[in-house]
Amino acid sequence: MNLITNLKESTAASLQSLYQVTIQPDQVLVNATKPEFEGDYTIVLFAFVKQLGKSPDIVGNELGAAMQKALPGIITKYNIVKGFLNFTISNDYWLAYITNLKPNELIPAITKKRKIMVEYSSPNTNKPLHLGHLRNNFLGWSIAEILKLQGHEVVKTCIVNDRGIHICKSMIAWQLFANGATPSSTHKKGDHFVGDYYVKYNDAFKAEVAGLVSGGMSQELAEKEASIFKAAQEMLLKWEQGDTVTLDLWKKMNAWVYEGFDVTYKKIGSDFFKTYYESNTYLLGKELVEEGLAKKVFYQKEDSSVWIDLTADGLDEKIVRRKDGTSVYMTQDIGLAQLKQKEFNTDASIYVVGDEQNYHFKVLKLICQKLQQPAADGIYHLSYGMVELPTGKMKSREGTVVDADDLVDEMIAISKEKTETLGKVDDFTPTQLTELYNTIGLGALKFFLLRVDPKKKMIFNPEESIDFHGFTGPFIQYTHARIKSILRKTGTTVSLTPNELLPLEKQLAIELSSFPAVVNEAAENLDPSKIAIYTFNLAKLFNTFYAELSIANAESDVKKQLRIQLGILTAATIQKAMSVLGIAVPEQM
RNA sequence: GGUUCGGUAGCUCAGCUGGAUAGAGCGUCAUCCUUCUAAGAUGAGGGCCAUUGGUUCGAAUCCAAUCCGAAUCACCA
């Protein structure tokens, strides 16, 4: 059993037998003891003191003695300072812990396995991926891996927004301005090629509107009357009517985009078990509306449009079917939610979508619950904040975005440059070097985007390149490479039983022991940053350990073997933790 | 205006189910490579935790009000 859980339960049991009070183990607060006090773990006594009407010193002493008796061989001593009960855990406990821990069994299997869908990425086929998509992809992929590490079954999905007026805009612009150019004729990546025409559309549109406005038309009217906009609208209509010429163009241009996306996804390591296309799902939800009307969850207005009244839940009225009988975004999404649940029989469904859609998902979940859809309670919106530039928001139509491909390439180029300057990998083959540059460049980028709380918006300054020192991916990768370098020299065979433990060795053991709890926390909060922070702290601690104590030239063989074991476990924990962030750790760098 | 989310060091961020003297990284300054990889370590400096009031033995953390910022409140997706 986990030591902290053990301490909590033991505290509750001791309080019960000492004072006949019932306290839930969860209510016992166990902290790591602050370095300036003696001990390893601290129990805060104030909570019980009040209830018992005794002084903290008396409760502390009685509880401390009882705990020591209850956990023989684990608690060696205790002290009380101002209402804090500090326990010192025996070295033997930690030595046994280290000796018995297996590098491939760091995370205990959970008992309640669930089937969870994670939907992420959600690209539009009118533009290439940008920095915001990267945050989405890394978050989605990572949370899926964290849940898998815990033992859950995870289905990664992607919904591609491949239809609509915005797609028609780039199609129109291509017809008008491309002269039959293609990605291969211009040597451009397909998604970038198409994205350029989306920008061209907006330029032409703006110019046309400006012309109309200077001719005396109001801005609002000009935006509706611009011929290029009307052409896009007309195209959407043709698309919906199944016009073959339009559909062919649409298929052709989308194919270019997918070719480009594939390259990017492969590079950044995103993968999906199933991809849904909005062109296939946008009509979903029709029967659902009927069902909702029958269940009296929805109601119909005079103009025959269908609505749901959520005012009792503190929200608004929401339309679910237009008067012309077509379904809206919300209805499609409910339909898709139902489809996904049926297809995969999921217990829970996580949507990785930006926080501008918080309201949408709140409503989505509520409607699914009211319709009594299975697993409606298992809908979670992993809401993340925008990535902004120092100048403000990124806008695709204005071309002020940090492009995903460009950024990835730049990170890899920087890692190449730095690696060459340091000159530590002269024995690598060209293939190994390419792989290493990718590993480090992507590691820096992924760590940068995953180390902060997902729900907070973050600012990215393209002028300052992403760091390779300190709280970064490469720092952790470096620590791993360092450990592996030592282990290559010392070997990894451990046979002697250790018998003493220095403070730094103990600190490492304690840090290692908290990994499963960190994974749990990350999974419960859908927050990979918890793992990023933990891994950084572990690496930092190891580096201090490394600077203070020698492994290869330890004081004795027993010490050497103990430290080899600590090295093995630290490397394994770093590797595992980084792997769920999507970051590989090199053997040498 | 309603709802939701933010405001912590010069910058980027932890800490938020209340607990001991508020922590990292970057940047600045100073030390440490003839001993396991210096993408490292050690130290210094840097704070009215937005403001005010409340609850409490104890508040960055909880409550209320105020100020500042963002998102949303589409028959767009």
Side-chain angles (χ1 to χ4, degrees), chain A residues 26-27 29 31 33-34 36-37 42 44-47 49-50 56 81-84 86 122 124 159 161 163-167 278 282 303 305-307 314-316 318-324 326-333 354-360 362-363 383 385-386 388 390 393 415 418-419 421-422 424-425 440 444 448 451-453 455-461 464 466-479 481-490 529-530 532-533 536-537 539-540 542-554 560 563 567 588-589:
Chain A
D26 286 347
Q27 292 175 291
L29 191 60
N31 291 334
T33 303
K34 304 264 176 197
E36 53 270 32
F37 299 97
T42 296
V44 183
L45 296 170
F46 297 103
V49 164
K50 186 181 257 181
V81 183
K82 292 194 296 181
F84 297 92
N86 302 320
S122 325
N124 289 328
I159 170 88
N161 191 321
R163 64 163 285 280
I165 188 79
H166 52 296
I167 311 295
E278 204 205 311
Y282 83 110
D303 66 357
S305 59
V306 181
W307 297 70
L315 303 171
D316 304 295
K318 186 90 191 168
I319 190 162
V320 291
R321 191 170 75 190
R322 298 185 185 99
K323 63 183 173 194
D324 63 6
T326 56
S327 59
V328 296
Y329 173 43
M330 180 58 72
T331 325
Q332 297 166 31
D333 245 15
D355 61 6
E356 75 272 14
Q357 294 204 39
N358 284 352
Y359 183 75
H360 173 78
K362 206 169 168 180
V363 173
S383 160
M386 295 288 108
E388 290 179 12
K393 280 193 194 151
S415 78
K418 298 210 180 214
T419 306
T421 311
L422 292 167
K424 292 179 187 175
V425 286
I440 298 173
F448 178 82
R451 69 180 190 180
V452 303
D453 187 339
K455 70 170 185 288
K456 290 195 178 177
K457 73 171 186 206
M458 61 189 295
I459 294 171
F460 173 79
N461 189 349
E464 301 165 13
I466 292 171
D467 224 307
F468 283 60
H469 299 270
F471 184 23
T472 68
F475 170 91
I476 296 165
Q477 291 172 320
Y478 174 73
T479 307
R482 236 182 180 184
I483 298 172
K484 285 304 177 109
S485 167
I486 297 165
L487 294 178
R488 276 193 293 274
K489 288 175 183 149
T490 60
S529 75
K530 299 273 190 284
I533 292 164
F536 170 66
N537 286 329
K540 199 155 61 108
F542 185 87
N543 281 327
T544 303
F545 168 88
Y546 173 92
E548 299 290 323
L549 303 168
S550 177
I551 296 174
N553 302 313
K560 181 173 170 179
R563 289 178 196 162
Q588 184 185 342
M589 68 185 270

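Side-chain atoms are counted along with the backbone in the values below, which use heavy atoms only and exclude waters and symmetry mates. Please read these numbers as outputs of a predicted model, since none were measured by experiment. Numbered from 1 within each chain, the chains take letters A, B, ... in sequence-line order.
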Query raised in the report: What pattern of brackets, bars and dots sums up RNA chain B from 5' to 3', given Watson-Crick or G-U wobble pairs under 3.5 Å, [ ] for crossing pairs and | for another strand?
Result: ((((((((.[[[[.)...(...]]]].(((((.......))))).....[[[[[..)....]]]]])))))))....

Query raised in the report: For every nucleotide of nucleotides 72-77 of chain B, 5' to 3': is a protein heavy atom under 4.0 Å from its base (B), only from its sugar-phosphate (S), or from neither (-)?
Result: SS-BSB

Table of protein N/O atoms under 3.5 Å from nucleotides 34-36 of chain B N/O atoms:
{"from": "B:C36", "atom 1": "O3'", "to": "A:K489", "atom 2": "NZ", "distance (Å)": "3.0"}
{"from": "B:C36", "atom 1": "O2", "to": "A:I551", "atom 2": "N", "distance (Å)": "3.2"}
{"from": "B:C36", "atom 1": "O2", "to": "A:A552", "atom 2": "N", "distance (Å)": "2.9"}
{"from": "B:C36", "atom 1": "N3", "to": "A:I551", "atom 2": "N", "distance (Å)": "3.0"}
{"from": "B:C36", "atom 1": "N4", "to": "A:Y546", "atom 2": "O", "distance (Å)": "2.4"}
{"from": "B:C36", "atom 1": "N4", "to": "A:L549", "atom 2": "O", "distance (Å)": "2.6"}

Contact list (N/O, under 3.5 angstrom) for nucleotides 20-27 of chain B vs protein:
{"from": "B:A20", "atom 1": "OP2", "to": "A:K34", "atom 2": "NZ", "distance (Å)": "3.4"}
{"from": "B:A20", "atom 1": "N6", "to": "A:T42", "atom 2": "OG1", "distance (Å)": "2.8"}
{"from": "B:A20", "atom 1": "N6", "to": "A:N86", "atom 2": "OD1", "distance (Å)": "2.9"}
{"from": "B:G25", "atom 1": "O2'", "to": "A:F471", "atom 2": "N", "distance (Å)": "3.2"}

Strictly under 3.5 Å: I want the nitrogen or oxygen pairs between protein and nucleotides 58-63 of chain B, one per line.
none

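Side-chain contact, A:Y329 with A:Q357: a donor N or O sits under 3.5 Å from an acceptor N or O.
Nucleotides B:C26 and B:U37 have their C1' atoms positioned 23 Å apart, rounded to a whole Å. Rounded to a whole angstrom, the distance from the P atom of B:A65 to that of B:G10 is 30 Å. One P atom belongs to B:C63, the other to B:A41, and the distance between them is 38 Å to the nearest Å.
Within the 4.0 angstrom heavy-atom criterion, only backbone atoms of the sugar-phosphate kind lie near A:I533; the bases stay farther away. Among the heavy atoms of the strands, none lies under 4.0 Å from A:N461.
For the ring pair (Phe, Tyr, Trp, His ring centres under 6.0 Å) test, no residue two or more places apart in sequence or in another chain qualifies with A:F468.
For the pair A:R451 and A:F536, the cation-pi test (distance below 6.0 Å, angle within 45°) is failed.
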